There are 2 protein chains.
Amino acid sequence: MKRATIKDIASQLGVSPSTVSRALNDHPDISDKVKEEVRQVAQALNYHVNLTAVNLRNNRSGLIALIIPEITMFFFPSLIKGIEDVVSANGYQLLVLQSQNALAGEVANLRVCADLSIDGILISLSAQTKDLDHLQELEAAAVPIVLFDKSIEQTQFDQVMIDDEEAAYQCVSYLIKAGATKICAVLGDQQLQMSQLRHQGFQRAMVEANLLSNGPNSTYIIHAKSQDQCTSLVIDWLGNYEVDAFFCMSDELSAGVYAAINTTTGDNKHKPKVIGISDGHLPSILSPNLDHYRHSGYELGHLAAERLILRLKAGRKQTIAPETLILEGQLVVG
Amino acid sequence: MKRATIKDIASQLGVSPSTVSRALNDHPDISDKVKEEVRQVAQALNYHVNLTAVNLRNNRSGLIALIIPEITMFFFPSLIKGIEDVVSANGYQLLVLQSQNALAGEVANLRVCADLSIDGILISLSAQTKDLDHLQELEAAAVPIVLFDKSIEQTQFDQVMIDDEEAAYQCVSYLIKAGATKICAVLGDQQLQMSQLRHQGFQRAMVEANLLSNGPNSTYIIHAKSQDQCTSLVIDWLGNYEVDAFFCMSDELSAGVYAAINTTTGDNKHKPKVIGISDGHLPSILSPNLDHYRHSGYELGHLAAERLILRLKAGRKQTIAPETLILEGQLVVG
DNA sequence: AACGGTACCGCAAACGATTGCGGAAACGTT
DNA sequence: AACGTTTCCGCAATCGTTTGCGGTACCGTT
């Protein structure tokens, strides 16, 4: 059975398609009698508007694209949920695209967005992305764009972030207060601005405590791009160096460090403390529970999506200045 | 700057839109000279085909919908990745919809699919879903549908599953071989067919080992709908009963049980063994590593998506009989 | 009876792309 | 020179919906 169209209803009732369209949209020009009849027949034929046609006419798609480096079990599920809730509550649908953490992938994703007449874009940048040239085409087409989580230095677009430097600072300060002096920072891809900022927070806390009197010590900095790589790096590292505590900038790395510690140190030996930055899901799974600076992935997604919806509702009539929204977090320890 | 259309190219070159369209699609009726000119201008104007228009004409959307109960950090990320890889490799885009584990949500999601002229559907059923009436409209519209992971007894559609009964059986058999006699099964939502099947596998192993000589013992069956609920239930339970081992039917529950055990039993007390069914990500994070029956979420997604693509490529010319594909898994222990 | 107003509905164009059909050149063949 | 082929391109319809503009009744008023 083919889908019923507006014409089917029209011919069945002996009226014009225009009338049917207006009736279904409750246009005042149409009498209540006709409206009722149209609704009846529509129901009977199981009519549903063809969104593709509507989209063509209105030059919109009802779709919002989410572009992320890669879906992992950490952080992204709650983030996606936060986004999805807002998006679908506002009548949009969510298209999930992965850049594979590569600039080329990001460009390809944006190409798809343009081709599909995507109405709005939420994007977390890949580690390779150093500028926003590839966003300009969409920007020129007046497609609202909100950056979140992983970004670069910029003021052209809205962005929703956490205070990376401060989060790291708080984590490391806590470790120091707890008595740690030999602290190793486990960071992500060196190219990521996020890694650099969290590194800076680490440094600030260390300097403040006079623990880097000989200048930065690269021995106590580990960069890893994946959980597995992190585990093996840390296992090696633990064979060569002494450490009181680890600061891990992400869930992946916290998990990697835990695994390394579990395979390296026996049950009775003294284990190094670990603190991380997390949305709180992983910490409750790990044993002992991971101390962490918590920022909700759900809220981050929620906030970013709401900002996008705000722009979509405003349309191109109002111009809203790009803003950087900082999501608060807090230390969860003990 | 508005998007360039085919007409813009046409008027710039003084040819008709038809010619431009054919030139861009490399139609043999168009001379090489014109083709080249069209391509030049298209490039210059940064022309890109409007997929909405194409979709309207072809009555397709290039979209594949993934409908799942809810995105959690367990299992779904790898699943989505497996699906996304196949889908995008075949020129489709993935729409992620969540049913909130409710039938009403599922119906709403399918409504969206119909309205958007979705080309194919991958669906994992909600716990509430007892029949497939709501799939019939899409089925009638010749939209390929593949069920996966969570399904019900049916033969109308393709489905990609693991052998739930056998997986549970193997887990519990292993526990028994390892010396356990008092084994508690931690299962998910009682309404889920998956829960029932895995329960059956549990029973089979127990009966086979003569551990249920007094008939089924409901004391050693726990049903939980979330990780947190599981944790609190198991904490209570551990206060009242003795147990050698837990069999957890999912990652959520394994994590919940681990948390319960960690809060209940001290370091030196004897801890119950735990085995689960998992894609292997969580087990490597938990300490001690979780024994489990492993089935790859990535492969499951991959397989389901490929089955869908197969049907999409076949079109409605060939009729392919619905099939149930079983993904193999294996015990990972020790 | 003539006129202004309102209520209600249809015509046709538009969104952007595709395609069957037809037609005008240009070519080759006898 | 007449005819058949090929080459190449345009016309117009189509997908399903929306909407500006206009038009016809019918109403009440003077």
Side-chain angles (χ1 to χ4, degrees), chain A residues 1-39 41-42 45-63 91 114-119 141-142, chain B residues 1-39 41-42 45-63 91 112-119 141-142:
Chain A
M1 243 263 291
K2 289 289 301 168
R3 263 178 77 152
T5 75
I6 229 170
K7 293 181 190 169
D8 298 329
I9 303 179
S11 66
Q12 186 143 137
L13 280 170
V15 299
S16 78
S18 333
T19 302
V20 175
S21 173
R22 277 188 265 252
L24 292 171
N25 292 315
D26 206 26
H27 193 288
D29 266 8
I30 306 299
S31 67
D32 291 343
K33 177 171 164 294
V34 173
K35 278 182 187 170
E36 190 47 39
E37 289 172 355
V38 168
R39 278 193 268 256
V41 177
L45 296 181
N46 191 28
Y47 169 83
H48 288 279
V49 64
N50 183 323
L51 284 184
T52 310
V54 175
N55 292 340
L56 174 58
R57 183 135 215 302
N58 299 341
N59 197 29
R60 69 186 287 275
S61 63
L63 298 177
D115 291 352
L116 280 176
S117 306
I118 293 290
D119 293 340
Chain B
M1 243 259 293
K2 288 291 301 169
R3 260 178 79 150
T5 74
I6 227 171
K7 294 182 191 170
D8 297 330
I9 303 180
S11 66
Q12 187 145 138
L13 280 170
V15 299
S16 78
S18 331
T19 303
V20 175
S21 173
R22 279 189 264 252
L24 291 171
N25 292 316
D26 206 26
H27 193 286
D29 266 9
I30 306 300
S31 68
D32 291 344
K33 176 171 166 294
V34 173
K35 277 182 187 170
E36 190 46 40
E37 289 173 356
V38 167
R39 277 191 270 255
V41 177
L45 295 181
N46 191 27
Y47 168 84
H48 289 279
V49 64
N50 183 324
L51 285 183
T52 310
V54 176
N55 292 339
L56 175 58
R57 184 139 214 296
N58 300 341
N59 199 30
R60 70 185 287 277
S61 63
L63 297 176
V112 168
C113 290
D115 290 352
L116 281 176
S117 308
I118 293 289
D119 293 339

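Note that the structure is a prediction, hence the values are computed from the model and not measured. So you know, we letter chains A, B, ... as the sequences are listed, proteins then strands, and number each from 1.
Across D:dT18, C:dG16, C:dA17, the shortest atom-to-atom separation from the side chain of A:Leu56 is found for C:dG16. Comparing D:dT18, C:dA17, C:dC11 by their nearest atom to the side chain of B:Arg57 picks out C:dA17. Comparing D:dT17, C:dA17, D:dC21 by their nearest atom to the side chain of A:Arg22 picks out D:dC21.
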So which protein N/O to nucleotides 4-7 of chain D N/O distances come out below 3.5 Å?
none

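Atom pair B:Asp26:CG and C:dT18:C1' shows a separation of 15 Å (rounding to whole Å applied). B:Ile9 places its CD1 atom 11 Å from the C1' atom of C:dA17, with the value rounded to the nearest Å. Between the CG atom of A:Asn58 and the P atom of C:dA14 there is a distance of 17 Å, rounded to whole Å. One can place CZ of B:Arg60 at 12 Å from P of C:dT18, the figure rounded to the nearest angstrom. Rounded to a whole Å, the NE2 atom of A:His48 is 12 Å from the P atom of D:dT17. A:Asn59 places its CG atom 10 Å from the P atom of C:dC15, with the value rounded to the nearest Å. Look at CG on A:Leu24: it is 13 Å from C1' on D:dG16, rounded to the nearest Å. In this structure, B:Asn50 atom CG and D:dC15 atom C1' are separated by 13 Å, rounded to whole Å.
Two residues are said to be in side-chain contact when any heavy atoms from C-beta on lie closer than 4.5 Å; B:Arg3 and A:Asn59 fail this criterion. Between A:Val54 and A:Val49, some side-chain heavy-atom pair lies under the 4.5 Å cut-off. For the pair B:Leu56/B:Thr52, no side-chain contact is recorded, criterion being any heavy-atom separation below 4.5 Å from C-beta on. You'll find the side chain of B:Arg22 reaches within 4.5 Å of the side chain of B:Ser18, heavy atoms only. In this structure the side chain of B:Val15 never reaches within 4.5 angstrom of the side chain of B:Glu37, judged on heavy atoms.
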Note to self: For A:Tyr47 and A:Ile6: C-alpha separation, side-chain torsions, deciding distance, then whether side chain to side chain contact (heavy atoms under 4.5 Å, CB included) applies.
What the structure shows: CA-CA 8 Å; A:Tyr47 169 83; A:Ile6 229 170; 3.9 Å; yes
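Side-chain nitrogen and oxygen atoms of A:Lys7 include at least one within less than 4.0 Å of the OP1 or OP2 phosphate oxygen of D:dC15. The side chain of B:Asn25 contributes an N or O atom lying less than 4.0 Å from OP1 or OP2 of C:dT18. In this model, the phosphate group of C:dT18 is approached by a side-chain N or O of B:Ser21 to a distance below 4.0 Å at OP1 or OP2.
Tested against A:His48 for a side chain to side chain contact (heavy atoms under 4.5 Å, CB included), the candidates A:Leu51, A:Asn46, A:Asn50 yield a single pass: A:Asn46.
Contact of A:Ser18 with C:dA12 (side chain to base): a donor-acceptor pair of N or O atoms is detected under 3.5 Å.
Nucleic acid contact for A:Thr5: sugar-phosphate only, since backbone atoms but no base atoms lie under 4.0 Å from a heavy atom of the residue. Among the protein residues, B:Val20 comes within range of no part of the nucleic acid, since none of its heavy atoms lies under 4.0 Å from any strand.
Between B:Ala53 and B:Ile30, the one whose closest nucleotide on DNA chain D sits nearer the 5' end is B:Ile30.
In terms of modelled atom types and a separation under 3.5 Å, the side chain of B:Ser61 and the main chain of B:Ser117 share a donor-acceptor contact.
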